[in-house]
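Data block below; observations after.
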Amino acid sequence: MSTSERTFIAIKPDGVQRGLVGNIIARFETRGFKLVALKLVTPGKEHLEKHYSDLSSKPFFADLVNYMNSGPIVAMVWEGLDAVKTGRAMLGATNPLASAPGTIRGDLCLQMGRNVCHGSDSVESANKEIALWFKNEDLVNWESAQKGWVYE
């Protein structure tokens, strides 16, 4: 559990269209995570097919790619202690109706097909997703002035 573990979080088109970007970013900042990279993008079908390649055999794959290609996405890299596991917990269950109140999905959405965010599910997938969405020079290495107040 390194304080420099990184995770990939994306605010999906429904979250962007609904104006939830600031709320979601604030939750990660408030928790104590450090923002390493952020961009508003329309990645295109080929990029999204690569991102979701592990789901390519699923019947919903084409609809997922089309939906994710329907509007801008906010792609982010967050850093901190156990960032992948904690980021997933902050998002809540994939199905928002199974998400606890206080989680992003539990508070902000109702249906699985419009569940506001994507989050890496392992350190390995986080590294892969970060490399897919960002160039190495896009990742900003910086020391937070709050580090001593967040970490022992």
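Since this is a predicted model, take the numbers as computed values, not measurements.
Partners of D107 according to the salt bridge (charged side-chain N to carboxylate O under 4.0 Å, His left out) rule, which considers only residues two or more places apart in sequence or in another chain, are R27.
The aromatic rings of W133 and H47 lie perpendicular to each other, with more than 60° between the two planes, well past the 30° mark.
If you take CZ on F8 and CG on N127, they are separated by 12.5 Å, rounding to the nearest 0.5 Å. Atom CG of residue L38 and atom CZ of residue F134 lie 6.5 Å apart, to the nearest 0.5 angstrom. Rounding to the nearest 0.5 Å gives a distance of 8.5 Å between OG of S125 and NE2 of H51.
Using a 4.5 Å cut-off between side-chain heavy atoms of Ile, Leu, Val, Met, Phe, Trp and Tyr, with links allowed through other members, L108 and I25 fall into the same hydrophobic cluster. Side-chain heavy atoms closer than 4.5 Å link hydrophobic residues (I, L, V, M, F, W, Y) into clusters, and following such links, possibly through other members, connects I104 to L35. At a threshold of 4.5 Å between side-chain heavy atoms, the hydrophobic network of Ile, Leu, Val, Met, Phe, Trp and Tyr places V16 and F28 in one connected group. Placement of V41 and V36 within a single hydrophobic cluster is found when ILVMFWY residues are connected by side-chain heavy-atom separations under 4.5 Å, directly or transitively. Side-chain heavy atoms closer than 4.5 Å link hydrophobic residues (I, L, V, M, F, W, Y) into clusters, and following such links, possibly through other members, connects I24 to L40.
Residues L48 and P43 have side chains in contact (heavy-atom distance under 4.5 Å, counting atoms from C-beta outward). Contact check for I11 versus L20: no side-chain heavy atoms found under the 4.5 Å cut-off. Under the 4.5 Å side-chain criterion, counting only non-hydrogen atoms from C-beta, T94 is in contact with R105. Counting only heavy atoms from C-beta outward, the side chains of D82 and E5 approach each other to under 4.5 Å. Within the 4.5 Å cutoff, the side chain of M112 has heavy atoms near those of the N95 side chain.
For D138 (side chain) and K135 (main-chain N/O), a donor-acceptor pair under 3.5 Å exists by modelled atom type. Without hydrogens or angle criteria, S144 side chain to Q146 main chain gives a donor-acceptor distance under 3.5 Å. The main-chain N or O of S99 is never found under 3.5 Å from a side-chain atom of T103 such that the two would form a donor-acceptor pair.
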Practice task
Please assess R88 against S120 for the test side-chain contact (heavy atoms from CB on, under 4.5 Å), listing each intermediate value before the final yes or no.
Solution key: CA-CA 7 Å; R88 294 283 291 185; S120 299; 5.9 Å; no
Practice task
Run the numbers on T86 and F33 for side-chain contact (heavy atoms from CB on, under 4.5 Å), then give the verdict.
Solution key: CA-CA 10 Å; T86 305; F33 288 104; 3.7 Å; yes
Problem - Residue pair K147, E143: steps toward the salt bridge (Lys or Arg N to Asp or Glu O under 4.0 Å) verdict - result: CA-CA 7 Å; K147 185 176 182 180; E143 188 73 25; 3.5 Å; yes
Practice task
Could you please spell out the steps behind the side-chain contact (heavy atoms from CB on, under 4.5 Å) verdict for I9 and T7?
Solution key: CA-CA 6 Å; I9 302 290; T7 192; 4.1 Å; yes
Let me check something: any side-chain donor-acceptor pairs from residues 55-80 under 3.5 Å, sequence neighbours excluded? List them with distances.
residue, atom, partner, partner atom, Å
S56, OG, S53, O, 3.0
N66, ND2, A62, O, 3.3
Y67, OH, D14, N, 3.0
Y67, OH, D14, OD1, 2.2
S70, OG, Y67, O, 2.5
E79, OE1, R6, NE, 2.7
E79, OE1, R6, NH2, 3.1
E79, OE2, K34, NZ, 3.0

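Across G32 and V150, no two heavy atoms sit closer than the pair O-CG1, 4.0 Å.
Heavy-atom contacts from other residues, nucleotides or ligands closer than 6.0 Å to CH2 of W142 number more than 12. With a 6.0 Å radius and a threshold of 12 heavy atoms from other residues, nucleotides or ligands, E137 has its CD atom above the threshold.
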